[in-house]
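The structure appears right after this line, and notes come after that.
Both counts, for ligands and for their atoms, begin at 1 and track the order of listing. One-based numbering along the sequence shown.
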Amino acid sequence: MKILKLLLLFISLQLTAQQGGMWIPSLLQGMNEQEMQSLGSELTASDIYDINQSSIKDAIGHFNGGCTSEIISPKGLVLTNHHCGYSQIQSHSSLGNDLTKNGFWAQNFSEELPNEGLFIEFIVRIEDVTTQVLQGVTDQLSERGKQSLIDKNSAAINKIAKREDFQGSKIKAFYNGNQYFLFITERYEDIRLVGAPPVSIGKFGSDTDNWMWPRHTGDFSLFRIYADKNNKPAKYSKENVPYTPKHYLPISLDGISEDDFTLVFGFPGKTSEYLPAVAVEQITQKVNPSNIEIRKAALTVIDEAMKNDDEVRIQYASKQARIANYWKKWIGENQGIEKSNAIEKKRAFEAKFTNLIEEKGLTAPYGNILSDFKTLYNTYENTVVKRSNFMEVFLRNIELMQIALRLYQFEEAYTHDNSSYEKAKSVTISKLSKVYKNFNPEVDKKVFETVIPFYTVNVNSSIYSETMLTSASEVFKLLEESPEKLILQLNNDLAYKYAKPFIDEFINTINPEYQAFISQKNALQKKYMKAMMEVMPDERYFPDANSTLRVTYGKVKGYQPKDAVYYEPVSYLEGVLEKYVPDDYEFDVPQKLQDLYTAKDYGIYADKNGKLPVCFLGTNHTTGGNSGSPALDAQGNLIGLNFDRVWEGTMSDMNYDPEICRNIMVDVRYILFIIDKYADATHLIDEMKLVHPKTK
Ligand code: ARG
Ligand code: GLU
């Protein structure tokens, strides 16, 4: 008996050890398929990815290049997060018609709202093109020489890649440039807003709950893809019709229990799992801390202004969410790295790596990698920190400086190359229109005063009262002047004059140094990756996220965040009411939701105990970009919508630890409940295919 228990323990430890990783969907046969099946999956690799017939991947779209979305009806209905559609929802909002606050539900196709610029891209096919991309690339070439040959080869491959004329193609590097894949894509550009809950549901808990468990956010919104009469991608047109997809996800009403298999399918943005210890040390001890301080300062001003003024609240809704999101993530990341001893673990790994290199007689090609990393990171530390501070202060937090930088780039285009002037002008106008749409000079001035001191002692906020850059109409008028007059006037403007030397330094000194660092770092990281695979061939290597389509899988699971505390994996509507604070900007609960709760009117969406699940946790290895990714059950039915990770585990971008890294999903039954019972949008439910895989 004891032996059996030990054996079981051993097997389950093996299983946890096998989790983590973001895998390439076209390469799941073999190892991944087996792992998935050992976790309970009934899916084959070709159910997930197939190029000869429709498969699950055909339902997974890259939402606007950032988030993930999935098709959930034969009429092109698309599900993604509320926070992914937030800027669209906000763009249709005004004080008199505030969709963020009230929610929005189109009653029919004609009420669905078009969104300029928004697109969803699907993957048609993935092909390994490593040999062709690296053709002629030898160690004799300089780094720059290698890259330009890689670019040239890639362009040639793209040109002859087999595809329809409405399809696109792109090549991406994997394993730090040791492997290359070609992606044939289909991009739809007429995407309309169909539905969104009010922020008090879709963003419930806001920043206080962000990156945290227990969570109670209904973080979803609905869009629809429109295509031309032939079901092909087309720009917005009244003539377009709802898209008929190759595949859409059936939705399970049977819910989840702890240990159920889960698969998350989406477009994770960026991870750095194979960094050396010195890099993790620099990021967590030098870069993150100053960025955290800068954002904290900006947020103090912005949050205060939003609370006091409804117009500011709408203007800053999406901007504030963006700033607050990574501010909090970095704090969690730093704590997680420290608590899990990630840096020490990396050092121990490096010692083992070094021994193996010696044992295997590979000192000549690989012996210097780690010491080179150390020299490189030390040499460029100041540059890295300064660049990151510049980006935070000038680009991400103070909008007047952002405007100045746009105009600076415009001036550059003019002085360096006459012909690009007209082109630069239209780019500048379109970028500036976006900034000015929600620009508030009074709030921005306060942000300037709190944030600029992190970069320079020269705090001169009087520029705000003397510059014309705070006025959209004056700037657009100026842009219509002759280039000579424009440049002259611009250079007489006080805000522009203030910003210019900083931007000059950034463009001419900091950034070129940083690029030199990046190019050496990439080359070294590529070599390191190759060396690891060579000296430890039996380890489990998955490529870092790079905004391409990936599969990650695991189980529904709780976790222990600290001693004597265990977090259950499922949250319920009870918890929403526990957190309720009347009229609070984060924890208000709509009256109708309270009434449904009191009446326990959950329709067919309650679990077997009559409770309504809201969110749940899994061991899936996700990152930014996986927002809006579907969580699928063992048969490929939709069970949840990924939208976050737990705070203790946000370090998974550098150090995935199956013990405490968890992704957070909205239970699909909560989504259906909100659409059906809260919003009475039953016509949307009617479009979907609801299934009972567990009870059949
Ligand atoms: N943390 C999640 C993500 O990275 C959700 C963000 C929603 N934004 C917010 N500020 N609450 O995207
Ligand atoms: N909320 C994130 C996103 O926008 C997903 C959470 C994460 O980083 O894992 O993609």
Short side-chain donor-acceptor distance under 3.5 Å, Asn626 and Ser629:
yes
Could you find the nearest protein heavy atom to [atom] and give me its residue, atom name and distance?
atom	value
atom 7 (C) of ligand 2	Arg645 NE, 3.2 Å
atom 9 (C) of ligand 1	Asn210 ND2, 3.5 Å
atom 12 (O) of ligand 1	His83 NE2, 3.0 Å
atom 4 (O) of ligand 1	Asn325 ND2, 2.9 Å
atom 6 (C) of ligand 2	Asp644 CA, 3.5 Å

Hey, would you say the His62 and Phe267 ring centroids sit under 6.0 Å apart?
yes
Check for me whether the distance between the ring centres of Phe181 and Phe174 falls short of 6.0 Å.
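When the ring centroids of Phe181 and Phe174 are compared, they turn out to be within the sub-6.0 Å range.
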Is ligand 2 under 4.0 Å from a heavy atom in the side chain of Asn81, in the backbone, in both, or in neither?
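Under 4.0 Å from ligand 2, Asn81 contributes no heavy atoms.
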Below a 4.0 angstrom heavy-atom separation, can you tell me which part of Phe63, side chain or backbone, both or neither, approaches ligand 2?
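Neither part.
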Using a strict cut-off of 4.0 Å, indicate which atoms of ligand 1 neighbour a heavy atom of [X].
X	result
Asp644	1 (N), 2 (C)
Asp207	9 (C), 10 (N), 11 (N)
Ala321	10 (N)

State, to 0.1 Å, how close Met654 and Glu273 come at their nearest heavy-atom pair, and which atoms those are.
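Taking Met654 first and Glu273 second, the nearest heavy atoms are C-OE1, 3.6 Å.
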Residue pair Ser93 / Leu99: nearest heavy atoms and the distance that separates them:
OG-N, 3.1 Å
Is there a polar contact between ligand 1 and Tyr326, counting only N or O atoms under 3.5 Å apart?
no
Taking atom CD1 of Ile201 and atom OG1 of Thr217, what is their separation to the nearest 0.5 Å?
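Answer rounded to 0.5 Å: 11.0 Å.
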Nearest 0.5 angstrom please: Asn655 CG to Thr271 OG1, how far?
12.0 Å
Determine yes or no for a side-chain-to-main-chain donor-acceptor pair under 3.5 angstrom, with Arg322 supplying the side chain and Arg396 the backbone.
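Between the backbone of Arg396 and the side chain of Arg322 there is a qualifying donor-acceptor contact (under 3.5 Å).
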Any heavy atom of Ser627 sitting closer than 4.0 Å to ligand 1?
yes
Taking both backbone and side-chain atoms of Ser627, is any N or O found less than 3.5 Å from an N or O belonging to ligand 2?
yes
Touching ligand 2 at all, His83? Heavy atoms, strictly under 4.0 Å?
yes
Among Thr650, Thr284, Asn288, which residue satisfies the side chain to side chain donor-acceptor pair (under 3.5 Å) criterion with Glu333?
Asn288
